[in-house]
Engineer: 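Structure provided below as structure tokens; questions to follow.
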There are 2 protein chains.
Amino acid sequence: MTQNNIKESYDEKFRQITGTGKELFFKYGIKRVTIEEICREAGVSKMTFYKHFNNKIDLVKRIIDLLVSENLTSYRELMERIDITFEEKVRLTIQMKLEGTSEIGDTFYDDYLVKSDPELASYIQIKSGSVFKEVLKDYIEAQERGDIRKDIKPEFILFFLNHIFELAKNEKLLKLYMHPWEVIMELVNFFFYGIMSRK
Amino acid sequence: MTQNNIKESYDEKFRQITGTGKELFFKYGIKRVTIEEICREAGVSKMTFYKHFNNKIDLVKRIIDLLVSENLTSYRELMERIDITFEEKVRLTIQMKLEGTSEIGDTFYDDYLVKSDPELASYIQIKSGSVFKEVLKDYIEAQERGDIRKDIKPEFILFFLNHIFELAKNEKLLKLYMHPWEVIMELVNFFFYGIMSRK
DNA sequence: GTATATTTGTACGAAAAACGTATAATTAAT
DNA sequence: ATTAATTATACGTTTTTCGTACAAATATAC
């Protein structure tokens, strides 16, 4: 029980920094946010920042770590449920993405600074890869069980899944529907059933 | 007709710069956007920028000028219509604001740089004041015509109108309704009829 | 109380970014 | 050929941001 409150205070600062860092990065992009700004907003001195992180890129990596682990946790919880079908699990996975729990790719991978920093880019690559592998495993299992038709590559499914939201932003597509979420629905249904009417 | 195309090219650059400047300022705020970035995005050299503008603040002022004049034009067009009642005109004015035609106050006045630069702040004050005066004049006339009840200060009306959107962002208010636009509708109806049931 | 761990504020030099200007070359219309 | 405008490059200056050092302050443990 020794030094318990001290450690808590230490972790609290860590959370404050990663929290406001995430917020500001999402809003303005990594490049436009300064360390001093993060400290100011987080109510933390600059020295404390450097106690926890080497530099801005280091902070970004820690934030990515947090996001990935949070995502994986809720993804696993979802996949372990036994009260819903596989199809419903996939639909919920998409909904999770929609609600913004998994912003890693969208926010960080498109960022200018990320693109110009090859080391950071590969870090994200590797992290994303680990998630990719886990999801892929689930899909291969689902295929073996017969939840997915056998004559399709699981990698193709993941690829399509990851690009649904980019497709949904396509202007020509958006014009065909009243609301943006209708486009998503259409794409998701297309994803499950193709163009054939259900028997 | 001499030097016509040259002038057009000149104006074209002006429009490109103000256009992308407006876009970037709206997205990230004035402080976070650099002149070089604007030039890059606008496809214009830095020298050309300085042919047209003295510095970033100068560009901001020109953008405000454009916004104000655009707003006034469409406002006047609206008020000159004879096919709709005064109430409908006011409702359309609010809708105009909603659709983002009049972003001057919301985007520029809240900006950090604007706040820290007293000269720019007063410039916006004066510009807003000129719009305010014109609208106020219309409302006094409407009051004389009997479109608005006599025992209310026209200045109060304008004040409330300018604060509707801030009110609509209030979290406690938002929780009471399903959609954000419902809050606006409620506020607008409250604005017209108070709490009394219509006879 | 004292000792220990952490945070803070200030100040500072170094590095990087952005600013604003000068100059010569380029483009395009007259 | 002339004129006006734009561009590319380079450059010195100013401003911002970075990362660190050190002393003071805060809070907990013993």
Side-chain angles (χ1 to χ4, degrees), chain A residues 1-21 24-25 27-63 111-120, chain B residues 1-21 24-25 27-63 111-120:
Chain A
M1 203 175 333
T2 55
Q3 305 172 326
N4 220 349
N5 292 333
I6 288 176
K7 191 89 176 72
E8 266 173 40
S9 160
Y10 186 84
D11 291 350
E12 175 62 20
K13 297 291 172 184
F14 181 89
R15 272 189 295 274
Q16 275 174 314
I17 295 170
T18 50
T20 60
L24 290 170
F25 290 152
K27 221 184 223 163
Y28 303 111
I30 298 167
K31 194 173 168 296
R32 304 180 134 87
V33 178
T34 68
I35 292 176
E36 270 153 0
E37 187 185 6
I38 295 169
C39 293
R40 205 188 318 126
E41 289 299 307
V44 155
S45 81
K46 201 162 39 151
M47 282 313 298
T48 312
F49 178 93
Y50 284 104
K51 276 257 152 57
H52 290 272
F53 310 97
N54 295 324
N55 47 46
K56 194 159 71 174
I57 301 293
D58 191 34
L59 170 61
V60 173
K61 286 183 184 171
R62 294 296 84 72
I63 291 174
D111 192 278
Y112 173 79
L113 198 146
V114 173
K115 278 180 185 165
S116 65
D117 186 332
E119 205 249 320
L120 185 54
Chain B
M1 207 179 322
T2 56
Q3 304 174 324
N4 220 349
N5 291 334
I6 288 175
K7 190 89 177 75
E8 266 174 38
S9 161
Y10 186 84
D11 292 349
E12 174 62 20
K13 296 292 171 184
F14 181 89
R15 272 189 296 273
Q16 276 174 313
I17 295 170
T18 50
T20 61
L24 291 170
F25 290 152
K27 221 185 226 162
Y28 303 111
I30 298 168
K31 193 172 169 295
R32 303 181 134 87
V33 178
T34 68
I35 292 175
E36 270 153 1
E37 186 185 7
I38 295 170
C39 293
R40 205 187 320 124
E41 289 299 307
V44 154
S45 81
K46 201 161 41 153
M47 283 313 297
T48 312
F49 178 93
Y50 284 105
K51 276 256 152 57
H52 289 272
F53 310 97
N54 295 324
N55 47 47
K56 194 158 73 174
I57 301 293
D58 192 32
L59 169 60
V60 173
K61 286 183 184 173
R62 293 297 84 71
I63 291 174
D111 192 278
Y112 174 77
L113 198 146
V114 173
K115 278 181 184 163
S116 64
D117 185 332
E119 206 249 321
L120 186 54

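What you are looking at is a predicted structure, and each value in this text was computed from that prediction instead of being measured. A, B, ... follow the sequence lines: proteins, then strands. Residue 1 opens every chain.
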Engineer: Can a side chain N or O of B:Thr48 be found less than 4.0 Å away from OP1 or OP2 on D:dT7?
Structural biologist: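 Yes, within the criterion.
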Engineer: Can you measure B:Ile17 atom CD1 to D:dA5 atom P for me and round it to whole angstrom units?
Structural biologist: 14 Å
Engineer: Please give the angle, rounded to 10 degrees, between the axes at the start and the end of the helix from C:dG1-D:dC30 to C:dT30-D:dA1, where five pairs define each axis.
Structural biologist: 30°
Engineer: For a quick check, with a 4.0 angstrom heavy-atom cut-off, what is the B/S/- contact string for nucleotides 10-19 of chain C, read 5' to 3'?
Structural biologist: --------SB
Engineer: Hey, what are the protein-to-nucleotides 23-26 of chain D N/O distances that come in under 3.5 Å?
Structural biologist:
none

Engineer: In whole angstrom, give the distance that lies between atom CZ of B:Phe14 and atom P of D:dA5.
Structural biologist: 15 Å
Engineer: Could I get the full list of side-chain hydrogen bond (donor to acceptor under 3.5 Å, both in side chains) partners for B:Thr18, not counting sequence neighbours?
Structural biologist: none
Engineer: Atom CZ of B:Arg40 and atom P of D:dT7: how far apart are they, to the nearest Å?
Structural biologist: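 Rounding to the nearest Å, CZ of B:Arg40 and P of D:dT7 are 15 Å apart.
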Engineer: Salt bridge (charged side-chain N to carboxylate O under 4.0 Å, His left out) with A:Arg62: which residues, sequence neighbours excluded?
Structural biologist: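 Salt bridge (charged side-chain N to carboxylate O under 4.0 Å, His left out) list for A:Arg62, sorted by chain: A:Asp58, A:Asp65.
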Engineer: Who are the side chain to side chain contact (heavy atoms under 4.5 Å, CB included) partners of A:Lys46, not counting sequence neighbours?
Structural biologist: A:Glu36, A:Cys39, A:Tyr50
Engineer: For B:Thr20, give me all partners under side chain to side chain contact (heavy atoms under 4.5 Å, CB included), at least two apart in sequence or on another chain.
Structural biologist: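 B:Ile38, B:Ala42.
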Engineer: Can you tell me how far CD1 of A:Ile30 sits from CG of A:Leu24, rounded to the nearest 0.5 angstrom?
Structural biologist: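 Output value for this atom pair is 12.0 Å.
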Engineer: Under 4.0 Å between a side-chain N or O of B:Lys51 and OP1 or OP2 of D:dT7?
Structural biologist: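 For B:Lys51, the contact criterion (side-chain N or O under 4.0 Å from OP1 or OP2 of D:dT7) is not met.
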Engineer: How would you list, by chain and number, every residue that makes a side-chain hydrogen bond (donor to acceptor under 3.5 Å, both in side chains) with B:Glu37, sequence neighbours excluded?
Structural biologist: A:Arg32
Engineer: From CZ of B:Arg32 over to C1' of D:dT17, roughly how many Å is that when rounded to an integer?
Structural biologist: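 To the nearest whole Å, that distance equals 14 Å.
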Engineer: Please report the interatomic distance CZ(A:Phe25) to NZ(A:Lys56), rounded to the nearest 0.5 Å.
Structural biologist: 6.0 Å
Engineer: Please list, chain by chain and in numerical order, all residues satisfying side-chain hydrogen bond (donor to acceptor under 3.5 Å, both in side chains) with A:Thr34, sequence neighbours excluded.
Structural biologist: none
Engineer: How many Å lie between CZ on A:Phe53 and P on D:dC18, as a whole number?
Structural biologist: 15 Å
Engineer: Under the ring-ring contact (aromatic ring centres under 6.0 Å, His included) test, which residues partner A:Phe53, sequence neighbours left out?
Structural biologist: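 Listed in chain order: A:Phe14, A:Phe49.
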Engineer: Show your reasoning for whether side-chain contact (heavy atoms from CB on, under 4.5 Å) applies to B:His52 and B:Gln16.
Structural biologist: CA-CA 11 Å; B:His52 289 272; B:Gln16 276 174 313; over 6 Å; no
Engineer: Send over the distance from A:Tyr28 OH to D:dT17 P, rounded to a whole Å.
Structural biologist: 14 Å
